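Side chains are part of it too, since the values below use all heavy atoms of this structure and drop only hydrogens, waters and symmetry mates. Since the structure is predicted, the reported quantities are computational estimates derived from the model, not experimental observations.
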Amino acid sequence: MSSNVDSVGGTATAERTTLNQQHRALLPARFRVHRAPRWWVEIGILVVLNLVYERLRNLVPSREGEAYNRGHQVLDFTQRLTGDAELHFNHFVANHSVLAHIFNAYYTYLHLPVTAITLIWIFRAHKRHYRAARTVLVGTTVLGLIGFYLFPMAPPRLLGGAHFIDTLVAFGTWGSWSSPAVANQTNQFAAMPSLHCAWALWVGLCVFRIAKRPWLRALGVAYPVMTFMVVVGTANHFILDGIAGAAVLATAFALQRVFFGRGAFAPAPLREDLLPVPESAPAPTA
């Protein structure tokens with residue numbers, strides 16, 4: 001009997017030792033253990049991010065010349081790499097009105113709602129994954145905002161003489177950038193990196209890694225691929241913008257691991273998992 005108890009206790013101690021070794025991180029343990037997220041805190045974080053975005057947006061008009069110059073530089077670079085692949089794909093979309101309307105609606109209406117629904121789904125159904133996933137999303141957004149400030153860049157649709165067709169303007173979509181009220185409230189030079197692609201890839205990875213149903217995981221794969229096609233087809237981003245968005249997301253994942261000591265899709269440890277490992281009691285003598 002006692003040997004069984006000792007065996008179970010030894011196993012638990014060994015597991016706790018492994019957890020402590022795996023969870024070495026920059027943040028102290030009290031910030032890394034599972035705590036039920038509070039909705040008002042999460043909303044506060046989003047409000048702060050929006051205020052930062054608004055501040056940066058107001059600084060951009062004074063750097064429009066820089067943004068256009070950088071856009072043309074990226075255009076020249078991508079043309080050397082891919083020829084006119086982006087331009088040809090944009091014209092293919094623009095020459096098929098049904099496809100253009102689908103792409104416009106996708107670009108305008110899915111970006112924010114799909115990201116928000118994914119975040120709420122994790123918040124409600126997978127709480128031990130929530131803080132890590134939210135930290136990656138916030139980190140990606142902050143890094144993207146820094147990129148918008150340091151490297152404002154005009155998207156393909158705004159580059160005069162490049163012959164891209166702004167499908168949102170050509171075909172019209174209510175609530176899109178082509179609407180003056182929306183355009184006046186949006187940073188038109190936030191092309192590099194593409195947060196559309198970065199957020200879509202975050203959604204896809206979260207759904208693929210956390211969801212159990214095969215059809216949901218398949219959607220997790222399809223969503224970022226489709227988003228990449230849409231942002232290029234509507235001339236809102238270069239291919240390089242999407243690659244930069246993926247790089248920003250990868251950086252956010254790496255920072256999350258450094259601070260929390262675990263991958264973003266590993267459930268947060270419980271408090272008892274990170275308690276100090278007790279010293280083993282001396283073995284009883286015969």
ring-ring contact (aromatic ring centres under 6.0 Å, His included) between H96 and F92, worked out:
CA-CA 7 Å; H96 297 79; F92 174 81; 4.5 Å; yes
Could you tell me which non-hydrogen atom of [X] sits nearest to which non-hydrogen atom of [Y], and how far apart they are?
X: A132; Y: R262; result: CB-NH2, 4.1 Å
X: P193; Y: G245; result: CB-N, 3.6 Å
X: F171; Y: H101; result: O-CE1, 3.6 Å
X: A191; Y: M153; result: CB-O, 3.4 Å
X: A264; Y: V136; result: CB-CG2, 4.0 Å
X: L195; Y: G144; result: CD2-CA, 4.2 Å

Verdict with supporting geometry, F228 and I239, side chain to side chain contact (heavy atoms under 4.5 Å, CB included):
CA-CA 8 Å; F228 180 70; I239 292 173; 3.7 Å; yes
Take atom NE2 of H163 as the centre, draw a 6.0 Å sphere, and report whether it contains more than 12 heavy atoms from other residues, nucleotides or ligands.
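It does not: H163 NE2 has 12 such atoms or fewer within range.
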What do you reckon, is CZ of F151 surrounded by more than 12 foreign heavy atoms closer than 6.0 Å?
no
Criterion side-chain hydrogen bond (donor to acceptor under 3.5 Å, both in side chains) against W199, the qualifying member of T115, T141, T140, T227
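Output: one option passes, namely T141.
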Which of these passes side-chain hydrogen bond (donor to acceptor under 3.5 Å, both in side chains) with R70: H72, E66, Q73?
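The option that passes is E66.
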Residues at least two apart in sequence or cross-chain that pass side-chain contact (heavy atoms from CB on, under 4.5 Å) with V142, listed by chain then number, are L49, V138, I146
